[in-house]
*Asks:* 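Got a structure for you, questions after.
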Amino acid sequence: MKVQNTLSQKKEVFEPINSPHVGMYVCGPTVYNLPHIGNARPAVFFDVVNRYLQFLGYKVRYVRNITDVGHLTDDGDMGEDKISKRAKLEQLEPMEIVDFYTRKYFEVIDKLNVIRPNITPTATGHIVEQIQLTQKILDAGLAYIADGSVYFDVHKYNKQEKYGELSGRILDDLLEATRELDGQEEKRNPADFALWKKAQPEHLMRWSSPWGEGFPGWHLECTVMSTKYLGETFDIHGGGMDLMFPHHECEIAQAKASTGKAPVKYWLHNNMITIDNAKMSKSTGNFVTIEELFSGNNPILAQAYSPMTVRFFILQAHYRSTLDFTNDGLLASQKGYKRVINALNIIKKLEFPKENFDKNLFDEKIDTQIHQFCDNALRAMQDDFNTAMALGQISNMVKKINTFYLQPETIPQIAETTFARMKGLFIALVEDVLGLQEEKNDNTEGLIVALLEFYKEAKAEKNYAIVDKIRGHFKANKLTIKDLKNGNVEWGYEE
RNA sequence: GGUUUCUUGGCCGAGUGGCUAGGCAGAGCUCUGCAAAAGCUCGUACAACAGUUCGAAUCUGUUAGAAACCUCCA
């Protein structure tokens, strides 16, 4: 398998440090707002990575953090922070916000059929470790204390290591480009970043430390938690491209400063999502939440889109391309998804004929074609998780499956082993790897009412055979038909 | 200004130097009491220019345009 490593900017052969074990860390959400469609992409994509690695037989330990401190009030920026403003307005504890949005996050991400990570650590749960790491970097001489805060000394670090290796930035260029921000006077250098930040009196989340009361810096938690659960060097670190700089760059710096080792072997970054070609972000407020997507309750949306439609839509693009959310695109995915699921249900029931089939039917061309679909689909996944390509091949299989379904007698055009391979792979890819599952329509009520119509008609015609038959079906489903005195017919649960 | 990336048919969206990606929409056909579903067939696609090559959407260069990041964000 090959993966595109942001660090080398090349596709590299994936070789776990400690095969068959794979350690994967993905930056999770900052839980101070409703999860939006931009949160859905990494969640779904890295879920597929997790699933595919397991499909290949690896034992994955998947860690995805919850950032619940460090972003509630800005570092330096004196501008308005809508969240803390709102927290104040609603008189909520920060942890109340955190708890509420964490639950919201899991709620919608679960609906997308994302398997929960093995560990979901929180930043507030690792304050002690973060203090320890800060001390370690101080001891290494790569940080300095300024008025109760601790800053990472990027300049000094850059003399022994290369700061900017992940994002391809050069420190000197960065300095010129960096804007003047408020509250940065304490820093020796604008590129320096906070490891520990002194808490202002109004700051609600605070812990005592050797440097006074404060809270951990933005980048510290990921270094601490990834190291704690996956070791000083682990296999995969994932996240959105926007985290490449400075977040992941700082993580590398923190890790190298404290352990002297590169923390991550393969860096994977998913691209951004746009809405009608405009970038989505929390601050500009043009965002669509995942809940809204499911409910259709947003002016941008023409209708509601089911979780699996959204998942299918995300997987139809390669993860390193930007993905534009449009109604047309989602609608196309809705249909494409249903087509695949219909075929999934069909192939599950479809069997190769036991005997009495015409052995002369065997057609090597078709047989080879099926094998190619299978090979191509697997190759696509092997090549940097090309889910779009894999879905294309699955689509090819769908056609064949539908044909075989309508003309089962033609199944022996392919060998029994070929049939078994396609069946097994199709199900495995769709369900296990891509994580697409059937969404059952909840049309029970409508169907019951329809059946009652027939019941009434049959009764009017005194066709009691049909009447009894319908009653029987209701009973079999633990329902009863109630012929009311006023002539109405209703249904209820069997008591 | 710097860094990274992108520009594919009506829309979305893959792609290897030479062989049909795929989906959606559209047209025609088959099947069908009518439909639907399904299958088959079809449309001019690869930003522009130049170069490398027997051959390039795929490599190189130039130009134009776009995006993300450089500041909290997945």
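Protein chains get the first letters and strands the later ones, always in sequence-line order, with residue 1 at the start of each.
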*Asks:* At under 4.0 Å between heavy atoms, what does A:L331 touch on the DNA or RNA strands: base, sugar-phosphate, or nothing?
*Replies:*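 Nothing, no nucleic acid heavy atom in range.
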*Asks:* Syn or anti for B:G43, given that syn means the glycosidic angle lies within 90° of 0?
*Replies:* syn
*Asks:* So does A:Q303 have more than 12 non-hydrogen atoms from other groups sitting under 6.0 Å from CD?
*Replies:*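 Buried by this count: over 12 neighbours within 6.0 Å.
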*Asks:* Which of the following nucleotides, B:A38, B:A74, B:G39, is nearest to the side chain of A:T403?
*Replies:* B:G39
*Asks:* Which is true for A:A388 with a 4.0 Å heavy-atom rule: it touches a base, it touches only sugar-phosphate, or it touches nothing?
*Replies:* base
*Asks:* Examine B:A67: is either OP1 or OP2 under 4.0 Å from a nitrogen or oxygen in the side chain of A:T274? Give yes or no.
*Replies:*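 It does not, given that no N or O in the side chain of A:T274 lies less than 4.0 Å from OP1 or OP2 of B:A67.
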*Asks:* Rounded at 0.5 Å granularity, tell me how far CE in A:M422 sits from CG in A:L350.
*Replies:*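 Between A:M422 CE and A:L350 CG, I get 7.5 Å after rounding to 0.5 Å.
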*Asks:* Counting only side-chain nitrogens and oxygens, does A:N402 get under 4.0 Å of the OP1 or OP2 atom of B:A38?
*Replies:*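 Checking A:N402 against B:A38: no side-chain N or O falls below 4.0 Å of OP1 or OP2.
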*Asks:* When you measure from the side-chain N and O atoms of A:N386 to the phosphate of B:A14, is any distance below 4.0 Å, counting only OP1 and OP2?
*Replies:* no
*Asks:* Rounding to a whole Å, what distance do you find between A:L166:CG and B:U5:C1'?
*Replies:*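 After rounding, the reported distance stands at 15 Å.
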*Asks:* Surrounding CZ of A:R61 (heavy atoms of other residues, nucleotides or ligands, distance under 6.0 Å), is the total greater than 12?
*Replies:*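 Open: at most 12 neighbouring heavy atoms sit under 6.0 Å from CZ of A:R61.
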*Asks:* Across the strands shown, which category fits A:M241 at heavy-atom distances under 4.0 angstrom: base, sugar-phosphate, nothing?
*Replies:*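 Nothing, no heavy atom under 4.0 Å.
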*Asks:* With heavy atoms under 4.0 Å as the rule, sort A:S321 into base, sugar-phosphate or nothing.
*Replies:*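 Sugar-phosphate contact only.
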*Asks:* When the P atoms of B:U60 and B:U7 are compared, how many Å lie between them, rounded to an integer?
*Replies:* 14 Å
*Asks:* Is the count of non-hydrogen atoms from other residues, nucleotides or ligands lying under 6.0 Å from A:K162 atom NZ greater than 12?
*Replies:* no
